[in-house]
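Below is one structure, written out as structure tokens; comments come after it.
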Amino acid sequence: MSRYFRALRNAFIRECGRFATSCIYRLVGLWLPLVSFVFFAAFFSKGEMRNLPVAIIDEDSTPLSRRAVAMLDATEEIAVLCELQSRDEAEQMLRQGDIYAVIFLPRNFENDILALRGSTVELYNSGVNISANGLVSRGATMAVRTLSAGTTIAIAERSGASIEAAMALAQPIALSQHALFNPWLNYGYYLAGGFMSMMLVIFCVVATIYALGSELRNATAVEWFNSSGGSLSAAIVGKLSFVSLLMCCIAAVMLATMFYIVGVPLQGSAWMVVAATAVLIFSYEAVAFTTLVATANMRLALSLGGGYSVLAFTFSGITFPTMAMYDSVAWLSPLFPYTHYMRLVIDQTMRGASADISLPQIAYMALFWLLPIAVMGRSATIFRNSKYTKRL
Amino acid sequence: MKHTRLFRNFVYRVSHTLTTEWRLIFRDNGAVLILLLAVLIYSTLYSLGYGGEILRDVPIVVVDESRTPQSRHLIRMLDSSPNIEVAFEAESMPEAQCLFFARRAYGIVLIPAEYARSLVTGRQTTIAAYCDAGYLLIYRQTLEAVSTVVQSEGVSVVQRRLELSGRTASEAAIVATPVSLHTHNLYNPSLGYGVFVMPAVLILILQQTALVGIGLVCGTRNEFGRQRTHAPFATLIGRTVAYAALYSVTATYIFVLHYRLFEYPMNGSTEACVVLLALFITASVLLGLSLSPLYSRREESLMLLFWSSIPALLVSGVSLPHEAFPQWLHMLGRLLPSSNAVEGYIRIQSAGASLADVAPQIATLGALVVLYGTTAYIAIRRGR
């Protein structure tokens, strides 16, 4: 046993040396992940989306229409950039991307409302960016509803109703909105976790494939096995424990950035997130190992492994929900460890779910550890046979 | 006479470089996989992933503490809204939360016990909606649907109340909502997710595969050491044309066939699209050639560039509009051909913008062609 441990230690130390001397290894294993985390911290530093520019066409220009404009501008979501005279002008600004929407107040707006004929505010909302569209729509809806309710109250009071009765008339059924588990409604909170873990996954796959594949590429596998006294399993485990250690350090930086700098909330258990992150790293190492051994070609393994890791973002359903996908592709979703990881992260950071909700996700991820078993036999062949070395 | 000979010489060198480059590409499975096949594979997979376009019938759970005809009516109205579906009725909030944590329901609506009584006696009552903000698209959809139903239910209650007090039905309707909002969603009327995100993703697929693929071919060449060339300019033109020609083919496939297949908007003029995409492809190829001295081996471009797709997508201002992230990142993003092409192309094809409308993007892309043309020239002159 102690001989095996020594073999393992030697493989580990040899890998440290390779890391220290290879520039590209240091880049993908350390510096680029850090650069990417700095990027995301900077990208999400502004917090919420606010004050999207819109244009107003006010054909009425009466006290009431001016109040409507002021109310629209006062919402968090909308900022009135300018007032225009014609629809052509507005359309041009929309096409040039200077504004996200045009809000149109018709002639006789005030008169029609006061004379109980009713009036309509028209919102021309660009659907090119649906996150912006949603915000503008929310702001305009709230402002117009408030204006409408205020007018109803004024009318009711004029006809002698009590304030309470007037309120009940303006809004008989109020809706109290509770954002379950992201009361901040910060897009960044939930995207930052998704993007940063995506980076971890990409670098984990690339670093693992490089660590193993460069031995084939440079025909150094013999030297590698000599370091571990000829034991294949000690050689692989020793090497991958170095990669795992490296990735766990990177993951620690990632989690620190997420929680302390971007400010992602943590409603549930921190240990659960930490454990899941470690399991995620091992799962993707298993995937990377399997891809490399199956292809026996580092370049092809990088192409396939990299593609597989990036695709997970779409199919995990964190931006476009799985339930809205075609049935014919929705089944792909669980085939990425990342999908399970993101569910767990959302459960633990935002929803504050209990452990029994999250344990199955860890189990799903751990299933990917079984993948290497399928290629164990082949790994002995490819790492020991010079036929597989120096392949491009 | 001398000029003609020089010109002929130049053309010969360009065409020689071009055919050499093509031979290198097509004899290299790795390069074919990235430069040609990856474009097809990624574009199809991503489009299929977002192919559902719209979220319908989000399952929600209702906790009805009122249990009256009025509350039953509200539940039926919620259920008939196209965006949500009352999948469960729970006895209590804890039960509803269990369904929520199990991801069987994505929102909870609580109807209070005094709901019907308040409506009858003319007091205000409050419905509570708990929506899942862990997924913002689902959140928005559920909340919008619930609030529309509650609002219209409220209006009809007021209308009935006013009619009882002697107003006419139409008058009552106006007192209940004197000002209404009429929304027109322009350019993407059904607010499809694929229509929104895919044009940007497709442009990024083109740019990223070009950067990685060119890096792969150049990295392979670099493995044999520096190769000084006698005619760096002709080499630059030859290589640029070689890749730009390949990408004209794939871009035509993407923006003509693939676009039709997945029914993405094509409202713009062909000339505007061609000008913008030609500049975009040239700038991307030149950027790829400029980065090539960085790779001493063929696999290095794959390793160094894979991660950059997501930051590149973000700075193009698609996932989040550029108002939501720091201005300096937005400016830095302008250095990528993709950011300018995404902005311009979406405007042309979705909003029907003319070439004049996207002049800023065209100008930036032109500047990038000059900038990366210079850096690529330097790279080639230095023998990389």
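Labels below follow one simple rule: chain letters A, B, ... track the order of the sequence lines, proteins then strands, and each chain is numbered from 1.
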May I ask you to name which of A:Gly213, A:Ala132, A:Gly307, A:Ala140 has the most heavy-atom pairs under 4.5 Å with chain B?
A:Gly307

Between A:Thr152 and B:Val175, is there a donor-acceptor pair closer than 3.5 Å when you use the side chain of the first and the backbone of the second?
yes

Using only atom types and a distance under 3.5 Å, with no angle test, would you say the side chain of A:Asn129 pairs donor to acceptor with the backbone of B:Val318?
yes

Measure the shortest side-chain to side-chain distance between A:Ser45 and B:Pro326 over non-hydrogen atoms and say whether it is less than 4.5 angstrom.
yes

Heavy-atom pairs under 4.5 Å with chain B - which of A:Thr141, A:Thr120, A:Ile202, A:Val329 has more of them than the others?
A:Thr120

Residue, of A:Leu27, A:Val310, A:Val205, A:Ile209, that accumulates the most heavy atom pairs under 4.5 Å with chain B:
A:Val310

Could you tell me whether the side chain of B:Arg347 and the main chain of A:Gln96 form a donor-acceptor pair under 3.5 Å?
yes

Gap separating the OG atom of A:Ser303 from the CG atom of B:Leu37, nearest 0.5 angstrom
10.5 Å

Heavy-atom side-chain contact between B:Leu304 and A:Ile24 under 4.5 Å
yes

Tell me, for A:Val28 versus chain B, whether the close heavy atoms (under 4.5 Å) come from the side chain, the backbone, both or neither.
side chain

So for A:Phe104, is it side chain, backbone, both, or neither that comes closer than 4.5 Å to the heavy atoms of chain B?
neither

Flag side-chain contact, heavy atom, 4.5 Å: B:Ile310 against A:Phe39:
no

Return the minimal non-hydrogen interatomic distance between B:Tyr193 and A:Thr319, and the atom names on each side.
OH-CB, 3.3 Å

Judged by atom type as modelled, is there a donor-acceptor pair below 3.5 Å linking the side chain of A:Arg351 to the main-chain atoms of B:Phe100?
yes

Heavy-atom donor-acceptor pair, A:Lys46 side chain to B:Glu323 backbone, under 3.5 Å:
yes

Are any non-hydrogen side-chain atoms of A:Ser131 and B:Phe196 less than 4.5 angstrom apart?
yes

So, do B:Ser147 and A:Arg145 sit near enough that their side-chain heavy atoms are less than 4.5 Å apart?
yes

Interface residue of largest heavy-atom contact number with chain B, from A:Gly97, A:Cys23, A:Ala353, under 4.5 Å
A:Gly97

Backbone N or O of B:Gly51 within a donor-acceptor pair of the A:Tyr326 side chain at under 3.5 Å?
yes

Check the orientation of A:Tyr124 and B:His184. Use parallel for under 30°, tilted for 30 to 60°, and perpendicular for over 60°.
parallel

Among the listed options B:Asn185, B:Leu314, B:Leu45, the residue most often paired with chain A at heavy-atom distances under 4.5 Å
B:Leu314

Looking at chain B, which one of A:Leu302, A:Leu114, A:Asn51, A:Asp112 has the largest number of heavy-atom pairs inside 4.5 Å, strictly under?
A:Leu302

Atom CZ of A:Arg117 with >12 non-hydrogen neighbours under 6.0 angstrom
yes

Can you confirm whether B:Arg103 sits close enough to A:Asp347 that some side-chain heavy atom of one is under 4.5 Å from a side-chain heavy atom of the other?
yes

With a 4.5 Å cut-off on side-chain heavy atoms, are B:Trp307 and A:Val206 touching?
no

A:Asp327 atom CG: more than 12 heavy-atom contacts under 6.0 Å:
no

Using a cut-off of under 4.5 Å for heavy-atom pairs, which of A:Val128, A:Ile155, A:Ile113 has the most such pairs with chain B?
A:Val128

Quick check: do A:Ser214 and B:Glu299 have side-chain heavy atoms less than 4.5 Å from each other?
no

Within a 6.0 Å radius of atom CE on A:Met323, are there more than 12 heavy atoms belonging to other residues, nucleotides or ligands?
yes

Determine whether a donor-acceptor pair (N or O, by modelled atom type, separation under 3.5 Å) exists between the side chain of A:Thr314 and the backbone of B:Tyr50.
no

Which atoms of A:Ile130 are under 4.5 Å from chain B, going by heavy atoms: the side chain, the backbone, both sets, or neither?
both

Working note: B:Asn29 + A:Arg299, criterion side chain to side chain donor-acceptor pair (under 3.5 Å); need CA distance, chi angles, decisive distance, verdict.
CA-CA 10 Å; B:Asn29 288 338; A:Arg299 189 261 319 150; over 6 Å; no

